[in-house]
2 protein chains.
Amino acid sequence: MITPEDKFRSYLKSRGLKFTPQRSFILKEAFFFQGHFNVDQLYEKLRKRISRATIYRTLSLLVKGGLIEETFRCQDKGSYEYIFGRKHHDHLLCIKCGKIIEFREDKIEKLQEEVCKRYGFTPIEHRLGIKGYCEECSKSLKKG
Amino acid sequence: MITPEDKFRSYLKSRGLKFTPQRSFILKEAFFFQGHFNVDQLYEKLRKRISRATIYRTLSLLVKGGLIEETFRCQDKGSYEYIFGRKHHDHLLCIKCGKIIEFREDKIEKLQEEVCKRYGFTPIEHRLGIKGYCEECSKSLKKG
DNA sequence: ATTGTAGTTGAGATTAAATTGCAATTAGGA
DNA sequence: TCCTAATTGCAATTTAATCTCAACTACAAT
């Protein structure tokens, strides 16, 4: 059973890079969020031990290593998501309360492949985000 | 037949804002690109007449007025697209040559609506971008 | 266990995008 | 034509993100 740390370590090793305590802490904290997070949230929890520069540098490595992914931008800040061991999914974003709903729709994935084929396009990654109002916020809009 | 200027003027009027020469020029230039553009490209063509600040301020108004749309970010710069009088579409982005291919796939749109219904979600807008290699770049990768 | 070295870190400087404050200017209704 | 609130350009500012560099350290070779 391969752990996130195993994966990160082997990515680093393959590039002649080192597994440092800072990188270990950042990996653990990123995992702790179990989903979406941004640099500020991470920095807030690690500021006593780790500088912003190192956080930025490490996030970039975690992306290259396939452990996290940059998702949509939120208020002009880069936003990340832990992807190790998780299936690909897309997002609904509530523009009122900020809630993020993950969904997976295989038919959409299939259709995307078809589109790519149609254009001779070789897809590497894709991102689908739908902005709107979540169920609760839709209701409160109708009422109020 | 309603023109882009009509639409922008009526948006401005509805908010008690003014239709200035600067706004007129920016609207025309944005339209001239017939598709995707960023602030730099616009500024390059208008620098003699219009300041960067005004371009940023006007783009924001054009977005609110429904004439342009912020699309994906490209190299950390906001990128816009003229949408007035055009149908919604999604994008394929070549990460090698930078080419942008627009496509429209109604089945994907339909499926998105279904997903939203499933979650009681009221969609306002969505964005689907697929990154990869365009036909030419795919070929040159195989060769080289 | 020791050593050597290439990679890493933190602090602060730097870059670049985008926003803001303000005095001078102007659109457009009265 | 006049009046006023909106707009503009400029420069200063803000903010995210990157970079520089001296001090430090992981880790492989010895």
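Reckoned from all heavy atoms, side chains included, excluding hydrogens, waters and symmetry mates. By convention in this document, chain letters (A, B, ...) are assigned in the order of the sequence lines, proteins followed by strands, and residues within each chain are numbered from 1.
- Relative orientation of the Y11(B) and F8(B) rings is parallel, given thresholds of 30° and 60° on the angle between their planes.
- Side chains of E81(B) and H89(B): a donor on one and an acceptor on the other come within 3.5 Å.
- Taking atom CD of Q22(B) as the reference point, atom P of dG28(C) lies 11 Å away to the nearest angstrom.
- Projected onto DNA chain C by closest heavy-atom contact, P21(B) and R49(A) fall at different nucleotides, the more 5' of which corresponds to R49(A).
- Note that the first and last nucleotides of DNA chain D, 5' to 3', having any atom under 4.0 angstrom from a heavy atom of chain B are dA5(D) to dC10(D).
- Here the CG atom belonging to D40(A) is positioned 9.5 Å from the CZ atom belonging to R47(A), to the nearest 0.5 angstrom.
- Side-chain nitrogen and oxygen atoms of T20(A) include at least one within less than 4.0 Å of the OP1 or OP2 phosphate oxygen of dT9(C).
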Please enumerate all protein N or O atoms sitting under 3.5 Å from an N or O of nucleotides 3-7 of chain C, with distances to 0.1 Å.
from: dA6(C); atom 1: N3; to: K18(A); atom 2: NZ; distance (Å): 3.1

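- Rounded to whole Å, the distance from OH on Y43(B) to P on dA17(C) is 12 Å.
- Both tests pass for K45(A) against the ring of F33(A): distance under 6.0 Å to the centre and angle within 45° of the axis.
- When only modelled atom types and interatomic distance are considered, K7(A) and T3(A) share no side-chain donor-acceptor pair under 3.5 Å.
- The side chain of Y56(B) contributes no N or O atom lying less than 4.0 Å from OP1 or OP2 of dT19(C).
- In this structure, F19(B) and F19(A) both approach DNA chain D, and ranking their closest nucleotides by distance from the 5' end singles out F19(B).
- One can place CD1 of I55(A) at 16 Å from P of dT8(C), the figure rounded to the nearest angstrom.
- Side-chain contact check for K96(A) and S140(A): at least one donor-acceptor pair (N or O, by modelled atom type) lies under 3.5 Å.
- Look at CG on L61(A): it is 8 Å from P on dT9(C), rounded to the nearest Å.
- Between the P atom of dT19(C) and the CZ atom of R52(B) lies a distance of 12 Å, rounded to the nearest Å.
- Here E102(B) does not pair with R104(B) in a salt bridge; the nearest charged N to carboxylate O distance is not below 4.0 Å.
- Position along DNA chain D of the nearest nucleotide to I50(B) versus R57(A) favours I50(B) as the more 5'-ward residue.
- Cation-pi geometry between R49(B) and F25(B) is met: the NZ or CZ atom falls under 6.0 Å from the ring centre, inside 45° of the normal.
- A parallel orientation is assigned to the rings of Y80(A) and F37(A), their planes being inclined by less than 30° (bins at 30° and 60°).
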